[in-house]
Amino acid sequence: MVRPSRSYRVFQGVNAVVLTLVVLVTLYPFVTILARSFSGERQIRAGEVTLLPKGFNLTTYGIVFRDAMFWRNYGNTVLYTVVATAVAMVLTTCYAYVLSKKQLRGRGFLVGVAVFTMFFTGGLIPHYILVTSLGLKNSVWAIALPNAISVFNLLVMKAFFENLPTELEEAAQIDGLSTYGILLRIVLPLSKAVVATMVLFYSVSFWNSWFGAFLYMDRTELMPVTVYLRNLIQGATGGGNAGAGAEQLSQVGANIQSVTIVLTALPILCVYPFVQRYFVSGVMLGAVKG
């Protein structure tokens, strides 16, 4: 076994120190926000809260959690994220698989159409008119369909599929598998890394999105939780529906931003560790052509 050189050991040490500092710098703002969400109004306004809560207080959490509309909107967010991510993954995977076939006629045109949309769009008003004329308003499809394909994700998946051995597909064809059979039984099982990465990208995007729902949903009970929390931040009076008094509203106004950030980010933070092991390999294998 060859021992690493002294210069390489120094590099590893410096690399570990630098990455540790980057992690600490990255975590510091979120830990501070988490501490502020549990702190009292006086301590927050005085700037005394850093890494640990001071004047421990759950007023804002209590007001939000007691509001039935919060849970209704939270359920909407879960529904919209699941449906929109499923639609996006089906369309992106099929489109990317088609574009990965170099023998496909018109392949360059199809790639050009996708790339064109990265730089040019029809604008907000035509977008709104189109969604309205198709009868998609006040439905989950107004969230899922307009943003169903991310061109960046499409190109990453396309590059990943291009790197898969063609011999596997040829052998599957000889065994009698159809195109869809090859995709479902050969290609996708070998593409777990990039699929998990794309699911993460789409899920985070749809979970944090609020403008589409704000634009296409007319009724409060159809809104996602991001719009609910946005309205709560805007006036710090959304909790008034839950019977909050003047003192409670003062507390809400002090740490509402911290509470909303925590409530919005928590589900993604819980899911991320389970797909993180696929993240690096999925992006690298799909972005670097061998």
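Computed from a predicted structure; not experimentally measured. Residue numbers count from 1 along this sequence.
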>> How long is the straight-line distance from OG1 of T226 back to CH2 of W207, given to the nearest 0.5 Å?
In response: 9.0 Å

> Looking only at heavy atoms, what is the nearest atom pair of L154 and A96, with distance?
Replying inline: CD1-N, 3.4 Å

>> If we ignore hydrogens and angles and just use 3.5 Å, is the side chain of S39 paired with the main-chain N or O of K54 as donor and acceptor?
In response: yes

>> Treating S203 as the side-chain partner and L200 as the backbone partner, does any N or O pair qualify as donor plus acceptor under 3.5 Å?
In response: no

> NZ of K102 to OG1 of T166: how many Å apart, nearest 0.5 Å?
Replying inline: 9.5 Å

> If you look at every heavy atom in Y95 and A114, which pair is closest and at what distance?
Replying inline: OH-CB, 4.0 Å

> Roughly how far, to the nearest 0.5 Å, is the CG atom of N138 from the CG atom of D218?
Replying inline: 4.5 Å

> Is the gap between the ring centers of W210 and Y216 under 6.0 Å?
Replying inline: no

>> When you compare the side chain of I186 with that of L177, does any pair of heavy atoms fall below 4.5 Å?
In response: yes

> Can you find a heavy atom in the side chain of S191 that is under 4.5 Å from one in the side chain of V194?
Replying inline: yes

>> Tell me whether E169 is salt-bridged to R185, with the criterion being a basic N under 4.0 Å from an acidic carboxylate O.
In response: no

>> Hydrophobic clusters here meaning ILVMFWY residues chained together by side-chain heavy-atom distances under 4.5 Å, can you tell me if V25 and V14 are in one?
In response: no

> Distance from K137 atom NZ to T132 atom OG1, nearest 0.5 Å?
Replying inline: 5.0 Å

>> side-chain contact (heavy atoms from CB on, under 4.5 Å), that's the test. Do L104 and L110 meet it? Break it down for me.
In response: CA-CA 10 Å; L104 177 70; L110 293 176; 4.0 Å; yes

> Hey, does the side chain of Y80 reach the backbone of G75 with a donor-acceptor pair shorter than 3.5 angstrom?
Replying inline: no

> Considering all heavy atoms of both residues, which atom of G212 and which atom of I143 are nearest to each other, and what is their separation?
Replying inline: C-CD1, 3.9 Å

>> Quick check: is V151 connected to V90 through a chain of hydrophobic side chains (ILVMFWY, heavy atoms under 4.5 Å apart)?
In response: no

> How close do R107 and S100 get, heavy atom to heavy atom, and via which atoms?
Replying inline: NE-C, 4.3 Å

> What's the verdict on side-chain contact (heavy atoms from CB on, under 4.5 Å) for I182 and Y97, showing C-alpha distance, side-chain angles and the deciding distance?
Replying inline: CA-CA 11 Å; I182 294 173; Y97 183 64; 3.6 Å; yes

>> With heavy-atom distances below 4.5 Å as the criterion, would you say the side chains of V225 and N76 are in contact?
In response: no

> Given the side-chain rings of F65 and W71, with only the six-membered ring counted for Trp, is the space between their centroids under 6.0 Å?
Replying inline: yes

>> With heavy-atom distances below 4.5 Å as the criterion, would you say the side chains of L190 and L168 are in contact?
In response: yes

>> Going by side chain to side chain contact (heavy atoms under 4.5 Å, CB included), L34 matches just one of L266, V262, V259. Which one?
In response: V262

> Are V131 and L124 connected, step by step, through hydrophobic side chains (Ile, Leu, Val, Met, Phe, Trp, Tyr) whose heavy atoms are closer than 4.5 Å?
Replying inline: yes

> Is there a side-chain contact between V111 and K158 (heavy atoms, below 4.5 Å)?
Replying inline: yes

> Counting heavy atoms not belonging to F30, are there more than 12 under 6.0 Å from its CZ?
Replying inline: yes

>> Is any side-chain heavy atom of F214 closer than 4.5 Å to one of P224?
In response: no

> Given T93 and F161, is the side-chain contact (heavy atoms from CB on, under 4.5 Å) satisfied, shown in steps?
Replying inline: CA-CA 10 Å; T93 301; F161 290 152; 4.1 Å; yes

>> Is there a continuous path of hydrophobic side-chain contacts, each under 4.5 Å between heavy atoms, that joins V31 to L263?
In response: no

>> With a 3.5 Å distance limit and no angle check, can you tell me whether D67 reaches the backbone of M69 through a side-chain donor-acceptor pair?
In response: yes

>> Once rounded to the nearest 0.5 Å, what's the spacing between atom CD of Q173 and atom OG1 of T179?
In response: 7.0 Å

> Between P126 and G123, what is the shortest heavy-atom contact and its length?
Replying inline: CD-O, 3.5 Å

> When clusters are formed by joining ILVMFWY residues with side-chain heavy atoms under 4.5 Å apart, either directly or through shared neighbours, do L145 and I129 land in the same one?
Replying inline: no

> How far apart are the C-alpha atoms of Y202 and N147, what are their side-chain angles, what is the distance that settles it, and do they pass the side chain to side chain donor-acceptor pair (under 3.5 Å) test?
Replying inline: CA-CA 10 Å; Y202 276 123; N147 302 300; over 6 Å; no

> So, the side chain of N163 versus the backbone of A159: is there a donor-acceptor pair under 3.5 Å, distance only?
Replying inline: yes

> With no hydrogens and no angle check, is any side-chain donor or acceptor of S205 less than 3.5 Å from a backbone partner on F201?
Replying inline: no

>> Restricting to non-hydrogen atoms, name the atom on A142 and the atom on L136 that form the minimum distance, rounded to 0.1 Å.
In response: CB-O, 3.2 Å

> Distance only, no hydrogens: is a donor on one side chain within 3.5 Å (strictly under) of an acceptor on the other, for S37 and Y61?
Replying inline: yes

> Roughly how far, to the nearest 0.5 Å, is SG of C94 from CG of L183?
Replying inline: 6.0 Å

> How would you list all residue pairs meeting ring pair (Phe, Tyr, Trp, His ring centres under 6.0 Å) that involve residues 3-28, not counting sequence neighbours?
Replying inline: none

> Can you check whether T220's main-chain N or O pairs, donor with acceptor, with N73's side chain at less than 3.5 Å?
Replying inline: yes

>> Could you go through M89 and T85, starting from their C-alpha distance and side-chain angles, then the distance that decides it, and tell me whether this counts as side-chain contact (heavy atoms from CB on, under 4.5 Å)?
In response: CA-CA 6 Å; M89 286 303 301; T85 301; 4.2 Å; yes

>> Other residues, nucleotides and ligands only: do more than 12 of their heavy atoms fall within 6.0 Å of CD1 on I125?
In response: no

